[in-house]
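Below is one structure; the comments refer to it alone.
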Amino acid sequence: MTQVKLPDGSIRDLPAGASALDVARDISEGLARTAVAAKVDGVVCDLATTLPDECEVALLTPRDGESMEILRHSAAHILAQAVRRLHGEQVQYCIGPALMDDFQYGFYYDFDLGDAKITDDDLKAIEAEMKKIVKEKLPIAREDLSAADAKAKLAGLGQHYKIEMIDDMSSEEQAAGIALYTQGEFTDMCRGPHLQTTGQLGKGFKLLSVAGAYWRGDEANKMLTRIYGNAFFDKKELAAHLAKLEEAKKRDHRIIGKEMDLFLLDEKVGPGMPMWLPKGAVLRTELEAWLRGLLTKAGYSMVYSPQIGKLDLYRTSGHYPYYKDSQFPPITFEDEGHEDDGFLLRPMNCPHHVQMFKHGQHSYRDLPLRYAEFGQVYRWEQSGELNGLTRVRAFTQDDAHIFCTPEQLEAEIESCVALVQTIFETLDLTDYSVRISLRDPDSDKYVGSDENWELAEENIRHVVKKLGLDYVEQIGEAAFYGPKIDFVVTDCIGREWQLGTVQVDYNLPERFDISYIGSDNTAHRPVMIHRAPLGSFERFIGILIEHFAGDFPLWLAPTQVAVLPVSEKYDDYAQQVTQQLRDAGLRVDFDHTSDKVGAKIRRATLAKIPYMVILGEKEAEAQTVAARGRKAGDLGVMSIADFVEALAQERDTQGETSLIPAKIADEPAE
RNA sequence: GCUUCUGUAGCUCAGUGGUAGAGCGCGUCCUUGGUAAGGACGAGGUCAUGGGUUCAAGUCCCAUCAGAAGCUCCA
């Protein structure tokens with residue numbers, strides 16, 4: 001006798017040896033058909049699982065969140081089965097998980113295909129085979145074996161990667177036994193659980209792309225073939241997902257950057273070397289000006305330094321030769337007679353700033369010293385890593401180095417974090433996560449003593465806890481000289497990028513042997529903070545483009561006002577208005593085309609220009625403008641002075657208020 | 001760097017081994033207009049680059065360069 005308690009509290013008695021599926025049948029045939037899996041005493045398992053004598057059972061249907069993972073996992077198996085049908089026995093399966101947090105994909109499977117090759121074109125054929133397997137409604141059956149038996153069986157199937165996986169399991173894991181799942185002619189090692197039959201996958205799945213992936217994610221291992229797909233219980237959900245991906249792609253900064261003429265990546269100049277076109281340069285100029293203001297308030301001093309330095313400088317800092325592979329090759333002289341052994345395009349600004357600190361004597365009374373520079377740096381990123389503005393080889397950090405006493409350190413870290421938060425909030429970038437990047441004690445890529453590292457990591461943890469930030473710790477993500485607090489945001493297609501960063505460094509001060517005179521009249525070692533709230537202007541603006549989908553707030557908008565005369569008869573008046581707006585410091589485009597006003601409005605709207613003024617006979621006579629908001633539409637007629645004042649206010653408050661009626665602000669974004 | 005895919009007009013993209021195409025944009029002309037597309041005509045091409053196959057290559061093959069997705073990397 002099996003006694004089952006259901007989630008509603010009711011109790012059902014079933015014959016001994018009953019399965020979760022029997023429970024479903026006992027309730028209704030319909031439920032038995034649609035149920036995906038069961039939760040027995042809180043553990044998700046197959047419907048075929050035999051129940052213990054007394055247990056709590058919840059049946060999972062497509063409506064339950066936990067079912068999705070099972071669906072996608074089974075989809076991966078069906079994919080593997082299809083690939084083996086099409087490409088034969090040589091196909092070995094590696095891993096094929098469900099992805100629940102990925103923006104694009106729902107599952108993948110990695111294969112070692114032997115001699116065979118799968119390209120994008122093959123996906124359709126594989127998908128067709130998967131549809132066949134779904135139609136066949138093959139029952140999916142689990143078999144529990146000892147590790148030895150499982151290995152014997154997998155060896156018979158030629159699945160050597162799976163055997164390797166068993167061999168790498170701990171002895172406890174091996175002792176717990178290995179599960180094999182079989183559907184039709186296909187058997188795979190898997191923890192499960194799975195759908196009842198392949199038929200339950202239905203039609204809501206699609207294969208999306210084929211890519212390479214290293215076995216176990218290790219570059220030294222063989223490259224496998226990975227096929228990505230996604231699956232939903234409902235075809236409509238799949239369609240909605242695909243539409244969402246399409247929408248997201250339209251926000252892509254590479255697309256918008258082209259449409260709006262913001263920046264240029266030109267292969268003649270070089271990959272990963274962005275150039276700011278006039279409109280994009282406005283974004284950069286405005287951000288820089290705003291930051292300079294914030295830095296002045298926070299007690300920073302702006303400095304400038306060259307973009308190259310002697311090789312020896314970087315030997316001292318530790319950049320060279322340890323990071324040789326990720327730098328541009330040194331500039332050296334081939335002919336004899338040069339005292340210098342060469343120069344390096346700088347991968348970081350810190351050595352220059354340290355030398356600037358070192359040039360004079362510093363009393364403890366002078367500290368903290370905060371040197372800020374919008375410094376361009378160069379790094380040799382792997383070609384496969386380059387990505388629009390988010391991963392480039394030449395970029396400009398909004399960098400600063402703070403030299404302070406150990407006592408001042410935590411307060412300085414706090415104010416750096418506060419600065420990052422202010423900046424992110426002003427730009428409405430609220431969706432970010434905080435990561436503490438620590439060193440991997442087993443790695444040799446870090447400089448400095450263990451004591452220095454422990455101290456710095458403790459400082460950082462302490463501040464983050466004090467500020468009550470939600471954060472995750474990541475081992476091995478630290479800079480080579482110290483741990484850091486990173487601010488990570490996600491781009492329009494779900495990729496994560498580090499923007500702001502605050503780094504604590506006890507090591508470069510030692511390596512450069514810098515000091516200040518303390519109150520005891522002896523030399524002391526200062527601590528350095530490296531910090532960049534934006535990270536780099538390039539990456540930050542890339543993310544900003546996607547965040548606003550190119551529809552920037554007025555203060556950042558490359559063009560702020562479009563002047564649209566109703567006909568060429570009013571060009572003189574339009575010219576006069578244009579000049580008055582420019583005199584007020586506004587960025588204005590005068591539309592000289594002979595189009596009708598409707599076409600002019602359409603063009604300005606598509607160009608994402610926040611405001612338009614439409615000028616015709618009435619306006620010319622009354623010396624007024626008919627204002628129009630890109631989102632709000634017609635704003636009515638007003639004097640030029642009133643229009644200018646409203647825009648100046650919106651610009652200078654960075655959009656926090658506007659004199660133009662609330663209807664603009666209330667209008668939902670597109 | 002690795003796997004797969006892509007590269008045709010300023011942009012987005014069609015294009016069966018046999019004379020290079022469309023839409024948008026751009027220019028000129030007509031039109032002089034009132035809140036998201038007026039009309040006509042026209043200019044614009046090393047089909048990424050270099051080899052090869054072929055009577056013939058934008059199209060097939062190889063290499064290189066660049067881009068995309070993913071993996072690896074990111075001081």
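Naming convention: chains lettered A, B, ... in sequence-line order (proteins, then strands); numbering from 1 in each chain.
In terms of the side chain to side chain contact (heavy atoms under 4.5 Å, CB included) criterion, Asp444(A) has no residue partners (sequence neighbours excluded). Here Asp442(A) pairs with Asp440(A) under the side chain to side chain contact (heavy atoms under 4.5 Å, CB included) rule; sequence neighbours left out. Remark: Phe403(A) pairs with Phe357(A), Tyr371(A) by the ring pair (Phe, Tyr, Trp, His ring centres under 6.0 Å) rule, at least two apart or across chains. The side-chain hydrogen bond (donor to acceptor under 3.5 Å, both in side chains) check on Glu219(A) picks up nothing, with sequence neighbours excluded. In this structure, the ring pair (Phe, Tyr, Trp, His ring centres under 6.0 Å) partners of Phe328(A), at least two apart in sequence or on a different chain, are Trp380(A).
To the nearest whole angstrom, the two C1' atoms, one in rG17(B) and one in rC11(B), are 30 Å apart. Taking the C1' atoms as reference points, rU8(B) lies 22 Å from rU4(B), given to the whole Å. A distance of about 14 Å separates the P atoms of rC13(B) and rA68(B), rounded to the whole Å. rU3(B) and rA37(B): their C1' atoms are spaced 45 Å apart (whole Å). Comparing the same atom, C1', in rC26(B) and in rG44(B) gives a spacing of 9 Å after rounding to whole Å. On the C1' atoms, rU19(B) is 31 Å away from rG67(B), given to the nearest whole Å. Taking atom C1' in both rG23(B) and rG15(B), one finds a spacing of 15 Å when rounded to whole Å. Here the separation of rG51(B) from rG58(B), taken at their P atoms, is 14 Å to the nearest Å.
Using a 4.0 Å cut-off, some side-chain N or O of Asn387(A) falls inside it from OP1 or OP2 of rA69(B). Residue Arg254(A) places at least one side-chain N or O under 4.0 Å from the OP1 or OP2 atom of rA69(B). Note on Arg495(A): a side-chain N or O is less than 4.0 Å away from OP1 or OP2 of rA69(B). Side-chain nitrogen and oxygen atoms of Lys596(A) include none within less than 4.0 Å of the OP1 or OP2 phosphate oxygen of rG34(B). Remark: Gln503(A) is not in phosphate contact with rA75(B), judged by side-chain N or O atoms under 4.0 Å from OP1 or OP2. The shortest distance between the side-chain N/O atoms of Lys445(A) and the OP1/OP2 oxygens of rC74(B) is below 4.0 Å.
Distance Glu621(A) CD to rG34(B) C1': 14 Å, rounded to the nearest Å. A straight line from CG of Asn221(A) to P of rU72(B) spans 11 Å, rounded to a whole angstrom.
Counting heavy atoms from C-beta outward, Leu564(A) and Ile601(A) have side chains that approach closer than 4.5 Å. Phe111(A) has its side chain out of reach of Arg84(A): every pair of non-hydrogen atoms, C-beta onward, lies at least 4.5 Å apart.
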Using the 3.5 Å cut-off, write out each protein N or O paired with an N or O of nucleotides 61-63 of chain B and the distance between them.
none

What's touching nucleotides 22-30 of chain B from the protein side, N or O pairs under 3.5 Å?
none

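Listed nucleotides: rG70(B), rC73(B), rG34(B). Nearest to the side chain of Tyr228(A): rG70(B). Nearest to the side-chain atoms of Gln104(A) among the listed nucleotides rA75(B), rG70(B), rG1(B) stands rG70(B). Here the nucleotide nearest the side chain of Ile601(A), chosen from rA66(B), rA36(B), rU32(B), is rA36(B). Here the nucleotide nearest the side chain of Pro271(A), chosen from rC71(B), rA66(B), rA69(B), is rA66(B). Considering only the side chain of Arg602(A), rA36(B) comes nearest among rU72(B), rU32(B), rA36(B). Looking at the side chain of Arg391(A), the nearest of the listed nucleotides rC73(B), rG34(B), rA36(B) is rC73(B).
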| query | Could you run down nucleotides 3-9 of chain B 5' to 3' and tag each one B, S or - for protein heavy-atom contact under 4.0 Å? | reply | BSS----
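Judged by distance alone, with hydrogens and angles left aside, Tyr570(A) brings no side-chain donor or acceptor close enough to the base of rG33(B) to form a pair under 3.5 Å. Scanning atom types as modelled, one donor and one acceptor separated by under 3.5 angstrom connect the side chain of Glu385(A) and the base of rC71(B).
A donor-acceptor contact under 3.5 angstrom links the side chains of Tyr105(A) and Ser209(A), judged on distance only. Side-chain contact of Lys244(A) with Gln104(A): a donor-acceptor pair under 3.5 Å is absent, judged by distance alone. A donor-acceptor contact under 3.5 angstrom links the side chains of Tyr506(A) and Asn459(A), judged on distance only.
Among the protein residues, Arg226(A) comes within range of the sugar-phosphate backbone only, with heavy atoms under 4.0 Å from sugar or phosphate atoms but none that close to a base. Residue contacts shown for Gly217(A) are limited to sugar-phosphate atoms, with no base heavy atom under 4.0 Å away. Looking at heavy-atom distances under 4.0 Å, Arg393(A) makes no contact with the nucleic acid at all. Residue-level contact check: Gly388(A) touches the backbone only, with heavy atoms under 4.0 Å from sugar-phosphate atoms and none from bases. Tyr322(A) comes within contact range of no nucleotide atom at all, as no heavy-atom separation falls under 4.0 Å. Contact annotation for Ala478(A): backbone-only contact, meaning every heavy-atom pair under 4.0 Å involves sugar-phosphate atoms and none involves a base. Here Met612(A) lies out of heavy-atom contact (under 4.0 Å) with every strand. Using a 4.0 Å heavy-atom cutoff across all strands shown, Gly616(A) reaches at least one base atom of the nucleic acid. At a threshold of 4.0 angstrom between heavy atoms, the contacts of Val566(A) include nucleobase atoms, whether or not backbone atoms are also involved.
For residues 273-281 of chain A, proximity to RNA chain B is found at no residue, defined as any non-hydrogen atom under 4.0 angstrom from a strand atom.
The distance between the ring centers of His77(A) and Tyr93(A) does not fall below 6.0 angstrom.
Residue Glu373(A) forms a side chain to side chain donor-acceptor pair (under 3.5 Å) with just one option from His353(A), His352(A), Gln397(A), and that option is His353(A).
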| remark: Read 5' to 3' with Watson-Crick or G-U pairs under 3.5 Å, [ ] for crossing pairs and | for partners on another strand, RNA chain B gives (((((((..((((....[..)))).(((((.......))))).....(((((..]....))))))))))))....
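Sorted by first and then second residue, the pairs that involve residues 588-604 of chain A and meet side-chain hydrogen bond (donor to acceptor under 3.5 Å, both in side chains), not counting sequence neighbours, are Asp591(A)-Thr593(A), Asp591(A)-Arg603(A), Thr593(A)-Asp595(A), Thr593(A)-Arg603(A), Asp595(A)-Arg603(A). Screening residues 613-624 of chain A for side-chain hydrogen bond (donor to acceptor under 3.5 Å, both in side chains), with sequence neighbours left out, gives Gln576(A)-Gln623(A).
More than 12 non-hydrogen atoms from other residues, nucleotides or ligands lie less than 6.0 angstrom from CZ of Phe103(A).
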